[in-house]
Amino acid sequence: MTTLPPPTPVDSPFAEPSPLPLTTWLSVLAALTVLATLRTLLLPVWPQAKPLPSPAVLEGVLERHGLRPSAMAGEPAVRNAEQALSPAVVLRLQDGEILRLRRGTMRRWEAFQLAAITRNVPELALKDRRLAAAGPGAPSALGKVKGGIAQQSCLVEGTTSSQSLGVTLEQLTGLVSKRPSSPQAFLAGLLGLRPMRTYDCVVISLQAPGGKEPSTATWLKVVSALTPSLSRASHGSPNL
C-alpha cells in the first residue's frame, strides 16, 4: 500500500495566516498619525472644563479648617476655542471676603498661565497684577479686580509634586508635566482622540471688600484646605 505524505501547511484547512510584515504595521501607524495630525489642524478640539464639587461639599471642607463660608449665587461657564472655565463656585467668608473657584482649561500649552485663563472673566481678570508669595512654595498674584483687590493662584490637580500651585506659564506647565499618564491615555493622544496633555487647573481667587488686600492668614487657610481635597476629588474619591 502506498503511503501518502502528510499535507503541507498550505494545504491544511487549519493553517494560521501569515502575520503582517512589520512594514505594513508601520505604514498603518504612519497613516493614523497623519490623519490625527490633519484632524488636529483642521478641526481643533475645543477645551472642556470639568465641574467642581458642589458648593455644599466645598463649604464642608473650608469649615473643617476654621472658616465659615456661605454659598452665593454662582456664575456661568465660559467656553471658546482657546479656553474653558467651569461654572464658578462663589462663597462668602465670615469676614466678608469672597472666594471664587473655577476649573480652567487652555487648548494650547503656550497660553497656560493664570492671566490667560481668567482674561475673559470680569470677576477674575486682574489689573495691575503683581506676583506675590504667601508662604514658602505657594506662588500667587495680587491685583485689582471688579469691586476690589484679589489674591489668586491656580491648583494643578493630580501631580506628583509636593507643591501644586502656580501662576506663570513655567510654573503651571511644569506641574502638568508631573502628572502620571496611563498607556491608554498616551495611545488616545497619539491617535488624536484626546489631547496628549490636559492643561487645566483650579483657579482660586480671594477678594477682599473695601479696597483692602485679602488677609494672608485667610488665604493660607483656604489654600491648605483646598489643595488636598481637590486633588483627591480629581482622582475620583467620593469623600472630600
Quiz item: Looking just at side-chain N and O atoms, do Ser140 and Gln151 make a donor-acceptor pair shorter than 3.5 Å?
Solution: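 Side-chain D/A pair, Ser140 to Gln151: present.
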Self-check item: No-hydrogen, no-angle side-chain donor-acceptor test under 3.5 Å, Arg107 and Gln83
Solution: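 Side chains of Arg107 and Gln83: no pair found under 3.5 Å.
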Quiz prompt | Of Pro214, Pro69, Ser70, the residue whose pairing with Leu93 passes side-chain contact (heavy atoms from CB on, under 4.5 Å) | solution =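 Of the listed residues Pro214, Pro69, Ser70, the side-chain contact (heavy atoms from CB on, under 4.5 Å) partner of Leu93 is Pro69.
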Quiz prompt | Residue of the set Leu230, Leu58, Val203 for which side-chain contact (heavy atoms from CB on, under 4.5 Å) holds with Leu101 | solution =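 Among the candidates, only Leu58 passes.
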For the residue pair [X] and [Y], what are the closest heavy atoms and their distance?
{"X": "Val145", "Y": "Ala150", "value": "CG1-CB, 3.8 Å"}
{"X": "Pro122", "Y": "Asn120", "value": "CD-O, 3.7 Å"}
{"X": "Gly166", "Y": "Ser153", "value": "O-OG, 3.4 Å"}
{"X": "Ser224", "Y": "Pro228", "value": "O-CD, 3.2 Å"}
{"X": "Ala225", "Y": "Leu62", "value": "CB-CD2, 4.0 Å"}
{"X": "Pro47", "Y": "Asn80", "value": "CD-O, 3.6 Å"}

Practice problem: Report the C-alpha separation of Leu91 and Glu59 in whole Å, then their side-chain angles, then the decisive distance to 0.1 Å, and conclude whether the side-chain contact (heavy atoms from CB on, under 4.5 Å) test is met. | Solution: CA-CA 8 Å; Leu91 303 169; Glu59 284 183 67; 3.7 Å; yes
Quiz prompt | Worked check of side-chain contact (heavy atoms from CB on, under 4.5 Å) between Met106 and Ile117 | solution = CA-CA 7 Å; Met106 301 302 290; Ile117 294 171; 3.7 Å; yes
Are any side-chain N or O atoms of [X] and backbone N or O atoms of [Y], one a donor and one an acceptor, separated by less than 3.5 Å?
{"X": "Ser177", "Y": "Gly174", "result": "yes"}
{"X": "Thr118", "Y": "Val121", "result": "no"}
{"X": "Glu75", "Y": "Val90", "result": "no"}
{"X": "Ser86", "Y": "Arg102", "result": "no"}
{"X": "Ser164", "Y": "Glu157", "result": "no"}

Quiz item: Are Ser205 and Gln152 close enough, and set up right, to give a side-chain hydrogen bond (donor to acceptor under 3.5 Å, both in side chains), and what steps lead you there?
Solution: CA-CA 4 Å; Ser205 179; Gln152 297 178 352; 3.2 Å; yes
Practice problem: Could you please spell out the steps behind the side-chain contact (heavy atoms from CB on, under 4.5 Å) verdict for Asp200 and Arg103? | Solution: CA-CA 7 Å; Asp200 69 306; Arg103 185 176 278 115; 4.0 Å; yes
Distance, nearest 0.5 Å, that separates [atom1] of [X] from [atom2] of [Y]:
{"X": "Leu131", "Y": "Leu142", "atom1": "CG", "atom2": "CG", "value": "9.5 Å"}
{"X": "Leu165", "Y": "Ile204", "atom1": "CG", "atom2": "CD1", "value": "5.5 Å"}
{"X": "Thr173", "Y": "Lys178", "atom1": "OG1", "atom2": "NZ", "value": "10.5 Å"}
{"X": "Leu114", "Y": "Leu124", "atom1": "CG", "atom2": "CG", "value": "8.5 Å"}

Could you pull out all residues at least two apart from [X] that satisfy side chain to side chain donor-acceptor pair (under 3.5 Å)?
{"X": "Arg79", "result": "none"}
{"X": "Glu213", "result": "Arg130"}
{"X": "Thr218", "result": "Ser215"}

Quiz item: Are Val222 and Ile149 connected in the hydrophobic side-chain network, where two residues link if heavy atoms are under 4.5 Å apart?
Solution: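 Result: no, two separate clusters.
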Quiz prompt | Shared hydrophobic cluster for Leu206 and Leu126 (ILVMFWY, side-chain gaps under 4.5 Å) | solution =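 Different hydrophobic clusters.
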Exercise. Test side-chain contact (heavy atoms from CB on, under 4.5 Å) on Ile98 and Met72 and set out the steps.
Key: CA-CA 9 Å; Ile98 304 298; Met72 300 177 63; 3.5 Å; yes
Quiz item: Could you give all pairs that pass the salt bridge (Lys or Arg N to Asp or Glu O under 4.0 Å) test and reach residues 113-128, with sequence neighbours left out?
Solution: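 Sorted result for residues 113-128: Asp128-Lys144.
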Quiz item: Pairs in or reaching into residues 87-99: which pass salt bridge (Lys or Arg N to Asp or Glu O under 4.0 Å), with residues at least two apart or in two chains?
Solution: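 Every pair satisfying salt bridge (Lys or Arg N to Asp or Glu O under 4.0 Å) with a residue in residues 87-99: there are none.
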Exercise. Side-chain contact test, heavy atoms from C-beta onward, threshold under 4.5 Å: evaluate it for Thr227 versus Leu155 and give yes or no.
Key: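 Yes, at least one pair of side-chain atoms sits under 4.5 Å.
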Quiz item: Considering residues at least two apart in sequence or located in another chain, which fulfil the side chain to side chain contact (heavy atoms under 4.5 Å, CB included) criterion with Val156?
Solution: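 Listed in chain order: Thr159, Leu172, Leu175, Val176, Arg179, Cys201.
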Quiz prompt | Electrostatic pair Glu63-Arg68, nearest N-O below 4.0 angstrom | solution =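 No.
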